[in-house]
Protein chains: 2
Amino acid sequence: MNLACATCPVRDRAACSVLDDSERENLARRGHHRTLEAGEVLFRAGEKVNACATLTTGALKVTSIDADGQEHILALVHPAGFIGEFFQPFDDHEIVALTQSQVCLFNGPDIESAMDEYPALARALLRRVQEDLHASRSLLALAGKSDAQAQVAGLIMGFAQAASDSPCHPAQKFELPLSRADCANMLGLTIETVSRKITALEKMGAIVRTGKRGIELVDPAQLSDLAAG
Amino acid sequence: MNLACATCPVRDRAACSVLDDSERENLARRGHHRTLEAGEVLFRAGEKVNACATLTTGALKVTSIDADGQEHILALVHPAGFIGEFFQPFDDHEIVALTQSQVCLFNGPDIESAMDEYPALARALLRRVQEDLHASRSLLALAGKSDAQAQVAGLIMGFAQAASDSPCHPAQKFELPLSRADCANMLGLTIETVSRKITALEKMGAIVRTGKRGIELVDPAQLSDLAAG
DNA sequence: CGCTGTTTTGACGCGTTTCAAGCGTTGTGG
DNA sequence: CCACAACGCTTGAAACGCGTCAAAACAGCG
């Protein structure tokens with residue numbers, strides 16, 4: 001399917017937003033859309049894919065498959081996020097759709113030539129990757145905590161920030177984008193511990209659960225305190 | 001101190017190696033050397049530094065200071081490594097020298113203008129940051145394991161790889177670059193647990209300790225198995 | 001030699017994992 | 001239409017592993 005940048009929901013946030021209309025159209029001719037169902041794999045571990053993508057709608061997860069077959073979530077990708085490693089192909093990472101998602105796919109060489117043609121694109125990608133690096137390190141700091149209560153509180157705060165429109169204030173009411181299994185996976189805990197810690201947070205009045213995945217922040221300050229502790 | 005690229009030990013590995021001699025000299029005029037003693041801080045958390053650096057000799061660590069004052073190691077920087085976030089300044093990261101080190105310092109705006117002038121530099125930095133991202137995610141996968149024995153084994157394997165000249169084979173004999181406290185910090189464990197697990201590795205015949213920091217790999221295969229499992 | 005900082009080792013308690021059961025929802029087929 | 005399986009989430013009880021506290025061995029250095 002051809003790209004329709006004019007109606008793209010992330011047209012002014014994605015990396016390609018630094019291009020003007022004609023440049024963007026030139027790039028668009030080399031890429032194409034793809035729709036992923038929930039659970040579908042975009043890039044599989046072990047494949048030597050040399051391709052990259054921008055997420056336009058939905059959500060993805062980046063996972064690594066350990067030598068013992070255990071899966072571990074390394075990052076989440078939100079709309080306007082970029083996926084792709086140019087210089088060493090995806091060898092041990094797997095990209096999986098969390099919900100139905102749409103991506104803008106490009107071949108590696110096409111993006112590389114586009115970077116040569118439009119230096120602003122290289123800088124935009126540099127910015128994106130640095131943001132990813134920052135997010136990865138934040139998650140590392142979270143997963144490294146020895147207190148499970150703090151980890152779960154921090155994860156919920158992170159999701160609240162991501163769900164919010166404004167960058168500084170967390171959303172008061174939102175849906176967890178991950179199952180308990182995926183939450184546990186991100187933090188290196190078990191499903192049961194995550195479940196217990198969430199109920200504990202509810203019992204101490206920091207949050208209220210609505211439905212299976214719904215979270216309402218009742219006392220964000222208390223949640224932050226617990227995340228620090 | 002002025003830069004002396006001609007004698008730089010990382011002149012053909014660092015990001016600036018993509019420049020030719022005249023371009024490099026032009027860039028060198030805008031930067032300067034700095035020597036750091038072990039434990040000295042390059043960029044402090046909370047400072048809004050807009051600067052970046054390439055490490056020429058020594059080793060650095062990147063740490064975050066949590067809300068509760070706990071320090072957490074996010075990454076190690078080896079020679080030819082690059083430190084710097086262009087678009088959002090170092091707000092919560094701290095860069096500390098592990099040993100006596102030398103860096104090549106630049107102001108943020110100088111590097112940004114150099115990227116405009118030399119598009120190849122932007123691509124080289126993109127490559128570096130993607131490598132950092134990969135390293136960060138590898139560490140995340142390691143820290144996320146629930147088995148302390150596997151974490152310590154994996155960490156030692158990682159150090160063995162880094163200490164080796166060849167990229168694929170680990171060094172048989174090397175010195176741990178970190179104290180027990182720093183090792184524990186990277187993995188989210190305690191000093192005592194790390195110490196115990198290392199002695200356990202020695203007792204089961206995977207490694208031999210020589211001195212305080214020295215490690216000799218006796219059975220790398222067993223070590224890999226333990227790291228997986 | 002006596003100091004300080006790092007590492008090792010021991011004993012104990014707590015927190016997380018493990019194993020197991022129960023519940024609500026969803027989807028499928030008789 | 002209902003029974004039944006499948007799935008995700010919660011909750012409980014017991015076992016193990018790591019953290020905590022404490023002390024001792026060791027090396028570096030004034």
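Residue numbering restarts at 1 for every chain, and letters A, B, ... go by the order of the sequence lines. Model, not experiment: these values are computed from the prediction.
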CG of A/Leu187 versus P of C/dT16: gap in Å, rounded?
12 Å
In whole angstroms, the gap separating P of C/dT16 from CD of A/Gln151 amounts to 9 Å
Nearest-Å distance for atom pair CG/C1', residues A/Leu98 and D/dG8:
16 Å
Among D/dT11, C/dT17, C/dT9, the one nearest any side-chain atom of B/Arg209 is C/dT9
Would you call B/Arg209 and B/Glu202 a salt bridge, using N to O less than 4.0 angstrom?
yes
Return the value, rounded to whole Å, for the distance between atom NZ of B/Lys212 and atom P of D/dC26.
13 Å
Which atom names give the shortest non-hydrogen contact between A/His93 and A/Ser64, and what distance separates them?
ND1-CB, 4.4 Å
Nearest heavy atom decides the nucleotide; on that basis, is A/Ser146 or B/Ile198 closer to the 5' end of DNA chain C?
B/Ile198
Just the rounded figure in Å: distance from C1' of C/dT17 to CG of A/Leu189.
10 Å
If only side-chain N and O atoms of A/Ser179 are considered, is one of them under 4.0 Å from the OP1 or OP2 phosphate oxygen of D/dG8?
no
Most 5' of A/Glu192 and A/Gln149 on DNA chain C, judged by nearest nucleotide
A/Gln149
Is the shortest side-chain N/O distance from B/Thr193 to OP1 or OP2 of D/dG17 below 4.0 Å?
no
Looking at C/dT8, C/dT7, D/dT11, which one has an atom nearest to any side-chain atom of A/Ser195?
D/dT11
Could you check how far CG of A/Asp147 sits from C1' of D/dG19, rounded to whole Å?
12 Å
Within the structure provided, determine whether B/Arg137 and A/Leu140 are in side-chain contact (heavy-atom separation under 4.5 Å).
no
Figure out the CD1/C1' separation between B/Ile191 and D/dA23, and round it to whole Å.
15 Å
Counting only side-chain N and O atoms of B/Arg196, is one of them less than 4.0 Å from OP1 or OP2 of C/dT8?
no
Have a look at A/Val208 and tell me which of A/Ile215, A/Val218, A/Leu217 forms a side chain to side chain contact (heavy atoms under 4.5 Å, CB included) with it.
A/Val218
If you look at every strand shown and take non-hydrogen atoms under 4.0 Å, does A/Gly188 touch a base, only sugar-phosphate, or nothing?
sugar-phosphate
How close or far is atom C1' of D/dA25 from atom CZ of B/Arg180, stated in whole angstroms?
14 Å
Of the candidate nucleotides C/dT16, D/dT20, C/dT6, which contains the atom at the shortest distance from the side chain of B/Thr190?
D/dT20
Hey, are the side chains of A/Glu40 and A/Glu37 touching, using non-hydrogen atoms and a 4.5 Å cut-off?
yes
